[in-house]
*Asks:* 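Please see the structure below; I have some questions.
Throughout, protein chains are lettered first and strands after them, A, B, ... in sequence-line order, and every chain is numbered starting at 1. Keep in mind the model is a prediction, meaning the values are calculated, not measured.
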Number of protein chains: 2
Amino acid sequence: MNTKDLAYFNDLISQKSFSKVAQNFGVSQPTITMAIKRLEADFGAPLVIRDRVHNAIHVTPSGEQLAVHAKVILRELDLAHQEIINLTQNRLVLGLPPIIENYYFPKVSARLAAAGLLDSLETVEGGSIWLRQAVRNGQVDMTLLGSVEPLAYQDLVAEEFDRQPFCIYVSAEHRLAQRKRIYFNELRGEDFVFFNSNFIHNTAFTQLTRRNHFQPKIVFRSNDMHVLMKLVAENIGVAFLTKIIDQPAENVVRLDLLDPEPPEFITSIVYRTNHLLTPQQAQLRQILHEALDQSKTNF
Amino acid sequence: MNTKDLAYFNDLISQKSFSKVAQNFGVSQPTITMAIKRLEADFGAPLVIRDRVHNAIHVTPSGEQLAVHAKVILRELDLAHQEIINLTQNRLVLGLPPIIENYYFPKVSARLAAAGLLDSLETVEGGSIWLRQAVRNGQVDMTLLGSVEPLAYQDLVAEEFDRQPFCIYVSAEHRLAQRKRIYFNELRGEDFVFFNSNFIHNTAFTQLTRRNHFQPKIVFRSNDMHVLMKLVAENIGVAFLTKIIDQPAENVVRLDLLDPEPPEFITSIVYRTNHLLTPQQAQLRQILHEALDQSKTNF
DNA sequence: CGGATATTATTAATATTATTGATAGTATAA
DNA sequence: TTATACTATCAATAATATTAATAATATCCG
């Protein structure tokens, strides 16, 4: 059976039009008619019902069933192509959320260089939602992801390699600056500086504000952590960030949260379940895991 | 791309011989040579290395990578065929471990009949390991499975629908017969009657004997629960069985276990992740879940 | 109603692709 | 060296896919 037929079929399911599928693939319309016929003959069942009365196409139960498998098959094929291209070109495409890159990457780069991995390593920055998608569809081979809950996906392997609490950063002149530990509740009424858009920080932050029943006042937003830190230093507002910030800027104090079950920033290495790690990828994974052991004791 | 080529390739990986693959598929040897060449051209990388010195074939990293995906693709195709056959023939093949069949099936059969499902329902009996395999490879569409741990597989959906403790059954003349509850430890030195081979009972039983550090003496084995019950009644030995036994035979007393965290018999409905439930299958699932609610309150 | 439009099916011709038989090439073992 | 085992090559053939042309079917709308 030709996978082209499955691709035609898959497109037909969403386009609901033989001629549109033909256009999309740059083939003539009878080609699609024939392809669907071949599939129907192969599976011994009608896959679509040509409802000419309503000028529509209905997918039969058999068609629905096949559609699920067709999608899997086409995805696997696509991934195989991309993976083999990266493999032969000695490319290792690694997804990195900016915050993780900032903290963990400097720690491992020496080892990566020593292992000769830096040459073939190609990093792609992006938010965790985008990177999750990217590792799914093969744009990246592996990715680091931050999350509040442990990751569990059926098509992705997620190996947690670190877990750090979220903290509050305030100016040295702030009323709470002398404290080491506070309850999130004590921040009611504070001005916050916060990320523009950061899925994990948002999730964790919302979790805490909901639990404590208050609506935080965010006076400034930026995607640059260093900008946020400077604003904290100038006492414009307080920041809610992970503990994985090497050294808070001058004039900034870090406060731990005393809340029971505070949200944690979980970092994981993620790759596709059906992806065989190349020696390089296995090595990268190893180095990241090892770097963790070091960083854990360093805290 | 033709899936036949992937089938040839997949077989080549395990056979490591072009001619054997040709034989297996009943085609000529150049067909395989050509098929592999097509794949290599398509993926732009050598997939196997023909090592004529050692008269062997080595799979390249690209080949290994493709092999993983090829297996998935061939499996999906195979499942699609089987599922569509069952769908069009209005067959619903349900796997049933004997013990679950004994207890749960009578409870739901009235509802199944009312829903008109009994006609199309075809049951397959088998042990839980065999049935898990059968649902994976499409021999059955859905299956009930017993287990000691909650089931979690990436390619299978497992919905727990009941959970019952394991119990001890003794003769009314047995020294412990007057007790309602005992510790497993108190059975040290007892004669047991036990299943010949039953994965779940074995797992749970071993768990308890290990925890209590004793080697149970099994004086008789059978795969028929009723036979075991009769032997218990005659005080030949004591039995370790699930609580889901409608009415212990005459002259038999059931004792609950007092041990902390005693193993439980978990029953789940299991089907393939990539399988779209047909209306019938969805109905069966619904009825099983509903029947549970009833059976739960009945205890 | 009837013609314009849109869509899918059919068909015969053509183009593409897969398979084969025959045989060459390469290495091993005896 | 010869026999044996395995894979590659190649030209011929078989099988399959695609196409252009057109038929068939239904809608829309004046």
*Asks:* Pull out every residue in residues 58-66 of chain B that has a heavy atom closer than 4.0 Å to any atom of DNA chain D, ordered by number, or say none.
*Replies:* none
*Asks:* Hydrogens and angles aside, do B/Asp141 and B/Asn86 bring a side-chain donor and acceptor to less than 3.5 Å of each other?
*Replies:* yes
*Asks:* Can you figure out which of C/dA9, D/dA17, D/dT19 approaches the side chain of A/Lys4 most closely?
*Replies:* D/dA17
*Asks:* In whole Å, what is the span from the CG atom of B/Asp42 to the P atom of C/dA18?
*Replies:* 10 Å
*Asks:* Any base atoms under 4.0 Å from A/Tyr8, or only sugar-phosphate, or nothing? Heavy atoms, all strands.
*Replies:* sugar-phosphate
*Asks:* Would you say the side-chain atoms of A/Glu160 and A/Thr267 include a donor-acceptor pair closer than 3.5 Å?
*Replies:* no
*Asks:* Of the nucleotides D/dA17, C/dT8, D/dT19, which has the atom closest to the A/Phe18 side chain?
*Replies:* C/dT8
*Asks:* Please determine if a side-chain N or O atom of A/Thr31 lies less than 4.0 Å away from the OP1 or OP2 oxygen of D/dT18.
*Replies:* no
*Asks:* Name the closest nucleotide to the B/Ser17 side chain, picking from C/dT20, D/dT7, C/dA9.
*Replies:* D/dT7
*Asks:* Can you tell me how far P of C/dT23 sits from CD of B/Gln29, to the nearest Å?
*Replies:* 15 Å
*Asks:* Cationic tip of B/Arg136 within the cone over B/Tyr153's six-membered ring, i.e. under 6.0 Å and within 45° of the normal?
*Replies:* yes
*Asks:* For A/Asp5 and for A/Pro30, locate the closest nucleotide of DNA chain D by heavy-atom distance; then report the residue assigned to the nucleotide nearer the 5' terminus.
*Replies:* A/Asp5
*Asks:* Have a look at A/Val135 and tell me which of A/Val124, A/Val157, A/Leu94, A/Leu156 forms a side-chain contact (heavy atoms from CB on, under 4.5 Å) with it.
*Replies:* A/Leu156
*Asks:* Grab the CE-C1' distance between B/Met34 and C/dG21 for me, whole Å please.
*Replies:* 12 Å
*Asks:* What is the distance, to the nearest angstrom, from the CG atom on B/Leu47 to the C1' atom on D/dT7?
*Replies:* 16 Å
*Asks:* Can you list everything that forms a salt bridge (charged side-chain N to carboxylate O under 4.0 Å, His left out) with B/Glu101? Sequence neighbours excluded, please.
*Replies:* none
*Asks:* Parallel, tilted or perpendicular: which one describes the rings of A/His201 and A/Phe195, with boundaries at 30° and 60°?
*Replies:* perpendicular
*Asks:* Report, as yes or no, whether the 6.0 Å neighbourhood of atom CZ on A/Phe199 holds more than 12 heavy atoms from other residues, nucleotides or ligands.
*Replies:* no
*Asks:* Of the options D/dT7, C/dG21, C/dT8, whose atoms approach the side-chain atoms of B/Ser19 most closely?
*Replies:* D/dT7
*Asks:* Does B/Ile57 reach a base, just sugar-phosphate, or nothing at all? Heavy atoms under 4.0 Å.
*Replies:* sugar-phosphate
*Asks:* Nearest-Å distance, NZ (B/Lys37) to C1' (D/dA8)?
*Replies:* 6 Å
*Asks:* Starting at atom CD1 of A/Ile36, determine the distance to atom C1' of C/dT8, rounded to an integer number of angstrom.
*Replies:* 12 Å
*Asks:* Could you state the CD1-P distance from A/Ile32 to C/dT8, rounded to the nearest angstrom?
*Replies:* 10 Å
*Asks:* Does a nitrogen or oxygen in the side chain of A/Thr33 sit under 4.0 Å from OP1 or OP2 of C/dA9?
*Replies:* yes
*Asks:* So, OP1 or OP2 of D/dA15: does either fall under 4.0 Å of a side-chain N or O from A/Arg38?
*Replies:* no
*Asks:* Rounded to the nearest angstrom, tell me the gap between atom CD in B/Gln23 and atom C1' in D/dC6.
*Replies:* 12 Å
*Asks:* Could you tell me whether the phosphate oxygens of D/dC6, OP1 or OP2, come under 4.0 Å of any side-chain nitrogen or oxygen in B/Arg50?
*Replies:* no
*Asks:* Give a yes-or-no answer on whether the side chains of B/Asn24 and B/Asp11 include a donor-acceptor pair shorter than 3.5 Å.
*Replies:* yes
